[in-house]
Amino acid sequence: MDHFHYCEGQYFAEGVSFARIASTVGTPCYVYSRAILEQRWRLFNDAFGDYPHRIHYAVKANGNLAILKLLCQMGSGFDIVSGGELERVLKAGGRPDDMVFSGVGKRESEITTALEAGIHCINVESAAELDRVNRIAGTLGAVADLALRINPDVDPHTHPYIATGLRENKFGIPIDEVPDLVRQAHDANHVNIIGLACHIGSQLTELSPFVAALDRVLELVFSLRQEGLQLKHLDIGGGLGIRYGDETPPEPDAYVKALLNTLSARQCNLPLFIEPGRAIVGNAGVLLTRVEYLKSAQSHQFAVVDAAMNDLLRPALYGAHHRVIEVSPADVEPTTYDVVGPICETADFLSRSQRLSISPGDLLVVQSVGAYGSAMSSNYNSRPRSAEVIVEGDKFHVVRRHETLSQLYQNESTLPD
Ligand SMILES: *Cc1c(COP(=O)(O)O)cnc(C)c1O
């Protein structure tokens, strides 16, 4: 059953009409379906069967506390990329031992907090970071468990801004430098390499780059084994794509099966970690917005809505495509609109060339924005960030209130007189 659906000419999230959410919460607002979120996580988890694994949800895709808590309750772990995300997951009830810490630029204070909290492992991305972790663990009188994030130099066939596993990207350790880092770790007293990790990019719609990356990791596992290094896990990162328009990404089941087949072809039975973000929350969320004006310029028709690029940056940042649909189609001729926000930037569009039957005041839904939607929102143009709502059955809960105007400048001050 589709949890976002029309019923008698009205669009619903599960058992709640969007008109009801708009009249109680206001617009713009993000709306998530609990059922979709949980179903997506389960699809990944079930696909593993009894193969030892962990799912570390990538918090950066959507770090709302309520979402993190639902995932915690299902038994998810978390992939974090900052001290702020560590704080969020702890606040939501996550266990430090269920977290891995990724990212190229971890600060001293972030590493210290993560080690003190007892995080499962730090995914190290350079010799300099390994050195830093070793030093900090030393001052804490601890031994830090690490995974080396390698750069497998695989083309993920995705938007260049979200490709991360190519040699020229800033991410990961080049494969030929790994033996040196293993030696460096061996000589250091406060680090212990327990795994190898990689993450080659986001919104991948084919399986072959994942398989190629895992193959590279496995070659390394065997060569390191010959040097006496015994690993405890492999981490293939996140990146599985979702459907925004007419893409046909693999389902989580096919993705996991392809990974497990690659492991078994190489007779590897190490536990496998994955870090999906987008593929769990992306299609579990939409952005509800109201049409303020309809206007035309030359051959273009514009629907000016109350959501903008500060709410949803993906179209401006990546040229990303999101479908827009009516909450309740009006009884007017369908027209092709560019759906744009009120911000003073030509890049402020939510979607182009959408065929819609609308009048001013109507509600629209921007689809597939659960990942990298609210998480990337800002206050540009002094616009308060939007509310977030989770629907469960015929109930809904505000899980983030609209920001107030005074919150916009609460950390600012003027010079002394
Ligand atoms: C962003 C990121 C992810 C999640 O990527 P998705 O495409 O949302 O699945 C996982 N791991 C790392 C290290 C990341 O940077």
Side-chain angles (χ1 to χ4, degrees), residues 37 40-41 43-44 54-64 67-68 71 76-82 84-86 89 98-106 110 114 119-126 129 146-152 154 156-166 169-173 195-207 209-210 213-214 217 233-244 247 249-252 255-256 259 272-285 313-314 317-318 320 368-376:
L37 178 79
R40 295 295 295 180
W41 191 89
L43 285 175
F44 282 101
R54 290 194 191 201
I55 299 172
H56 294 129
Y57 166 72
V59 175
K60 78 175 191 284
N62 188 324
N64 183 286
I67 286 180
L68 299 181
L71 292 169
S76 190
F78 299 91
D79 169 52
I80 59 167
V81 294
S82 70
E85 288 190 352
L86 172 62
V89 176
D98 291 330
M99 287 182 234
V100 299
F101 191 176
S102 303
V104 285
K106 301 176 196 80
E110 292 175 317
I119 199 164
H120 187 72
C121 77
I122 295 184
N123 291 355
V124 160
E125 303 219 9
S126 64
E129 187 188 345
L146 308 182
L148 297 181
R149 173 169 174 185
I150 67 159
N151 181 323
V154 166
H157 303 141
T158 186
H159 189 282
Y161 290 6
I162 48 177
T164 56
L166 283 164
N169 297 139
K170 71 178 175 183
F171 299 98
I173 301 157
L196 291 182
C198 71
H199 169 73
I200 56 173
S202 199
Q203 184 54 16
L204 274 70
T205 53
E206 304 158 21
L207 293 177
F210 291 114
L214 186 54
V217 172
H233 75 262
L234 301 180
D235 181 344
I236 191 70
L240 185 64
I242 61 167
R243 202 178 154 106
Y244 288 102
E247 304 91 339
E251 285 298 313
Y255 161 80
V256 170
L259 298 176
L272 184 64
F273 296 0
I274 59 171
E275 304 167 349
R278 189 192 307 272
I280 290 179
V281 279
N283 276 323
L313 186 60
R314 299 188 68 259
L317 184 61
Y318 312 123
S368 314
V369 299
Y372 309 106
S374 177
M376 283 190 174

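Every number for a ligand or one of its atoms is a count from 1 in the order of the listing.
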Self-check item: Check: Pro276 and Ile55 side chains under 4.5 Å, non-hydrogen atoms
Solution: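 Side-chain contact under 4.5 Å: yes.
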
Quiz item: Who's touching ligand 1 if we go heavy atoms under 4.0 Å?
Solution: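 Lining ligand 1 at under 4.0 Å, by heavy atoms, one finds Ala58, Lys60, Asp79, Ser102, Arg149, His199, Ser202, Gly238, Gly239, Glu275, Pro276, Gly277, Arg278, Tyr372.
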
Quiz prompt | Residue of the set Leu240, Leu204, Leu43 for which side-chain contact (heavy atoms from CB on, under 4.5 Å) holds with Tyr255 | solution =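 So, applying the side-chain contact (heavy atoms from CB on, under 4.5 Å) to Tyr255 and each of Leu240, Leu204, Leu43, only Leu240 qualifies.
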
Self-check item: Glu129: side-chain hydrogen bond (donor to acceptor under 3.5 Å, both in side chains) partners, not counting sequence neighbours
Solution: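 Testing Glu129 for side-chain hydrogen bond (donor to acceptor under 3.5 Å, both in side chains), a comparison that skips the adjacent residues, returns Lys106.
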
Quiz item: How far does CE of Met99 sit from CZ of Arg54, to the nearest 0.5 angstrom?
Solution: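 Going from the CE atom of Met99 to the CZ atom of Arg54 covers 11.0 Å.
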
Quiz item: How long is the span from the CG atom in Asn283 to the CG atom in Leu37, to the nearest 0.5 Å?
Solution: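 Answer for the CG-CG pair, Asn283 versus Leu37, is 12.0 Å.
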
Practice problem: Please determine if Glu251 and Arg243 form a salt bridge, counting it only when a charged side-chain N lies under 4.0 Å from a carboxylate O. | Solution: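 Salt bridge between Glu251 and Arg243, a charged N being under 4.0 Å from a carboxylate O: no.
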
